[in-house]
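See structure below.
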Amino acid sequence: MKTESEKLSPTRVKLTVEVPFDELKPAVEAATTKIADQVQIPGFRKGKVPSKLVEQRFGRPAIMQEAVNDALPDFYQQAAAEAELKPVGRPEVEVTEVPGLDGSEEGNLLFTVEQDVRPEIELPDFASYEVEIEEPEVDADAVQVRLDELRERFGTLVGVDRPAEDGDFVSLDMIATIDDEEIESVEGVSYRIGEGNMLEGLDEALIGLSAEETTTFVSKLAGGDRAGEEAQVKVTAQSVKVRELPEADDEFAEMASEFDTIDELKEDLKVQAEKDAEGNRVALARNALLEKLLEELEIPVPEQLVEDEILSHLQNEGKEAGDPHGEEIREDTEKAIRAQFVLDEINGTRQVDVDQNDLMSYMTQLSAQYGIESNQLLQMLAQSGQLEQIFAEVQRSKALDVVLADVTVKNAKGDVLDLGLKAEEADDAEQAEDAEEKPAAKKAPAKKAAAKKAPAKKAAAADEAAADESAEDAEAEKPAAKKAPAKKAPAKKAPAKKPAAKKASAKDEAAADETAE
């Protein structure tokens, strides 16, 4: 097989591939057998029809068409590998010549492929890179926020005789209908106004609503078979409650933690706030580094890839192609693709390991974002084939940490900050040396910092008590929980011109489509 590569643009390549008949011949024989197995000819058992009779009955062109269709994916993959392509998106395949249509075993299969590819990115010398961040401060307000959060966990819900306000807890009934057809309903669901994890427009509808009052609003359903469709929603507030917080005194400190005084509890909260600030510095530095890379590096983006991503986004939201929202997200879509390209380039030049703790930490973040229990979300992602995509996202995030260890990070005052990453890198090097002497002691990838534990030993019991009180028979399923990450749109088949067969099958597209990330 002979392959010629032509660069059409920084992100697009054209391959011209020439395959001798001898290399296509096994596919021709397999296609003949395949057709024989599928047809019934009087006088012959199924699958026992002679090749010559199959050719006479169906014609040589039909056999060649089947052979090209089946062989084209493998030929494309081989050609892409020879050309050292890094494909993204779906290939556009055009077959220009098919040999053997006249029954001979001579000639070449000729086809061309136009394929979007990842741009070549020249990464900087990170050791000379410098970024600036605004350090998060740990002051009295930061401690007070933590103290109030702890008090809320021990708070009690008390009914109020007034219209609902932002932050109130409402026990509600809700019915969603489309064209007078009831689509979904729930009763006795407890919801805190302002959380925004149910239907869009619900918060506005509930504010000003007193107990036993009803109102209606229009919203797009976020889940179920009718997701994305507008529905008339009738909501009734059964009750309106507020959470009363306990006094922040010594008695509360003794009840909610291992400390005897409120001053001791506040000091512990301050220590935890300082630890969180350390982690926040890393996150801020990571974001600052990525923004600087995107600003300074030339990273072209394939136009078709952007269009495909926008279309997929619109479809996931129940919108049609050409919806104005597509232009609203175009800039963010391009930026996200450019970020993927640069992080994948780092992954290709550095050792970036991902362990189970990294994945579970990321899954926990997604669960909180979408309001779905972790195991349920994991099952949904596995069923939709998105676990590999999740792994890639975690690896990209860790890639920034790897190079951040080489970057100089300063605060607004010009002070150099020690993020602790260089020390970890040194530890990795030391353990790697040990591993050479003791192969069995291979070091696992560095784990992310564990989640901060609550300062209160009794917090878990308090959480359960508060949850029981606020749940208000919340076993009823919410009709409009936020959607899980949308299932990726299937890759489209590559167009092929006659006389070749149908087109490149999904097999080659799946192999070429690395852009799902």
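Since we're looking at a predicted model, the values are computed, not measured. No hydrogens, no waters, no symmetry mates; every other heavy atom, side chains included, goes into these values.
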Would E345 and N347 count as having a side-chain donor-acceptor pair, cut-off 3.5 Å? no

Can K220 and E229 be counted as an ion pair, charged N to O under 4.0 angstrom? no

Donor + acceptor pair across side chains of Q304, D308 (<3.5 Å): yes

Ion pair check, R12 and E92, cut-off under 4.0 Å: yes

Taking the basic N atoms (NZ, or NE/NH1/NH2) and the acidic carboxylate oxygens, is any pair closer than 4.0 Å for R338 and E295? no

Hey, is E105 close enough to K25 for a salt bridge, meaning N to O under 4.0 Å? yes

Could you tell me whether D401 and R286 make a salt bridge, using a distance below 4.0 angstrom between a side-chain N and a carboxylate O? yes

Do E82 and T3 meet the criterion of a side-chain donor-acceptor pair at a distance under 3.5 Å? yes

Going by atom types only, do H313 and E317 share a side-chain donor-acceptor pair under 3.5 Å? yes

Pairwise distance NZ(K14) to CD(Q115) - rounded to 0.5 angstrom: 14.0 Å

Sidechain N-carboxylate O distance under 4.0 Å for R330, E307: yes

May I ask you to say whether D344 pairs ionically with R396, meaning some side-chain N is under 4.0 Å from a carboxylate O? yes

